[in-house]
Amino acid sequence: RAQDYAMAQSAYEKAAHALAELRAQIEPRIERALTAAEAALAAGDGAAAHQAFTSVLAMAPDHPQAQVGLARVATLPRVRQLNDQGEQRLASGDASGAADAFQSALALDSADTAARQGAQRAAQMAAQQRYQTALDAGYTALQEQRYTESEQLFTRALALRPNAREARDGLTEVRSRVRIDHRVIE
């Protein structure tokens with residue numbers, strides 16, 4: 001019996017050691033699979049992302065990142081379609097339409113990098129368009145001697161782009177003309 005006990009204890013220790021080695025391998029495998037899944041998701045490869053996230057869930061069934069990843073994979077086709085629409089609208093100068101498309105993509109997948117970057121570019125384009133509109137209208141009002149309106153428009157343009165030389169020059173010109181007109185009247 002003593003010999004049976006010693007053999008059983010040895011077998012148990014070997015099994016415990018093998019189990020510890022397997023457990024030590026699980027976390028690095030999960031990390032590699034998650035990295036591959038995120039890369040596949042970023043590249044738009046839903047099948048590869050699905051496979052990698054599923055392999056993580058096989059090792060850790062309640063893994064939150066893998067569960068979220070699978071949900072993102074499910075929305076990937078629509079998110080990509082919306083991102084494509086956003087890019088097309090940006091290319092055509094439709095900042096508002098682009099922003100709407102990217103925001104719709106983000107509503108489906110708030111972690112989508114392409115949608116976040118697209119939304120930022122759409123916001124920048126919209127700001128540039130607001131600036132240019134104010135600047136152009138300011139110069140038009142200046143030419144038509146509507147100085148109060150012109151000053152307001154150049155001030156608005158400067159609020160959008162504080163270091164814009166064109167808007168600052170326009171504001172200087174308005175104030176110069178107002179001073180000249182006041183001198184002529186006196």
Exercise for review: State whether the number of non-hydrogen atoms from other residues, nucleotides or ligands found under 6.0 Å of Glu87 atom CD is greater than 12.
Suggested key: yes
Practice item. Answer yes when Glu38 and Arg72 have at least one side-chain N-carboxylate O distance shorter than 4.0 Å, and no when they do not. Key: yes
Check your understanding: Can Arg121 and Met125 be said to form a side-chain contact (heavy atoms from CB on, under 4.5 Å), step by step?
Key -> CA-CA 6 Å; Arg121 288 193 322 276; Met125 178 185 279; over 6 Å; no
Check your understanding: Can you check side-chain contact (heavy atoms from CB on, under 4.5 Å) on Asp109 and Arg78, steps first, answer last?
Key -> CA-CA 10 Å; Asp109 182 356; Arg78 181 66 179 143; over 6 Å; no
Decide yes or no for [X] and [Y]: does some side-chain heavy atom of the first lie under 4.5 Å from some side-chain heavy atom of the second?
X      : Y      : result
Arg29  : Val56  : no
Phe102 : Leu90  : yes
Asn163 : Arg168 : yes
Gln67  : Asp62  : yes

Point to revise | Check against side-chain contact (heavy atoms from CB on, under 4.5 Å), His63 and Leu34 | key: CA-CA 10 Å; His63 197 284; Leu34 286 173; 3.5 Å; yes
Review point. What's the verdict on side-chain contact (heavy atoms from CB on, under 4.5 Å) for Gln152 and Thr155, showing C-alpha distance, side-chain angles and the deciding distance?
Key: CA-CA 5 Å; Gln152 291 170 348; Thr155 301; 5.6 Å; no
Could you tell me the separation between the [atom1] atom of [X] and the [atom2] atom of [Y], rounded to the nearest 0.5 Å?
X      : Y      : atom1 : atom2 : value
Leu135 : Arg161 : CG    : CZ    : 8.5 Å
Arg89  : Asp84  : CZ    : CG    : 11.5 Å
Asp112 : Leu41  : CG    : CG    : 7.5 Å
Thr35  : Arg32  : OG1   : CZ    : 9.5 Å
Thr75  : Gln81  : OG1   : CD    : 12.0 Å
Asp94  : Gln129 : CG    : CD    : 8.0 Å

Review point. Taking Arg175 as the fixed residue, which of Arg179, Arg177, Glu173 is the one that meets the side chain to side chain contact (heavy atoms under 4.5 Å, CB included) rule?
Key: Arg179
At their closest point, which heavy atom of [X] faces which heavy atom of [Y], and how far apart are they?
X      : Y      : answer
Ala95  : Ala126 : CB-N, 3.7 Å
Ala164 : Leu158 : O-CD2, 3.7 Å
Val73  : Gly46  : CG1-O, 3.7 Å
Ala122 : Ala99  : CB-N, 3.7 Å
Phe154 : Tyr139 : CZ-N, 3.5 Å
Tyr131 : Ala157 : CD1-O, 3.4 Å

Practice item. Say whether Met59 and Leu57 are linked into one hydrophobic cluster, either directly or through other cluster members, by side-chain heavy-atom distances under 4.5 angstrom. Key: yes
Practice item. Tell me who clusters with Leu82, hydrophobic residues only, linked when side chains sit under 4.5 Å apart either directly or through other members. Key: Val79, Leu108
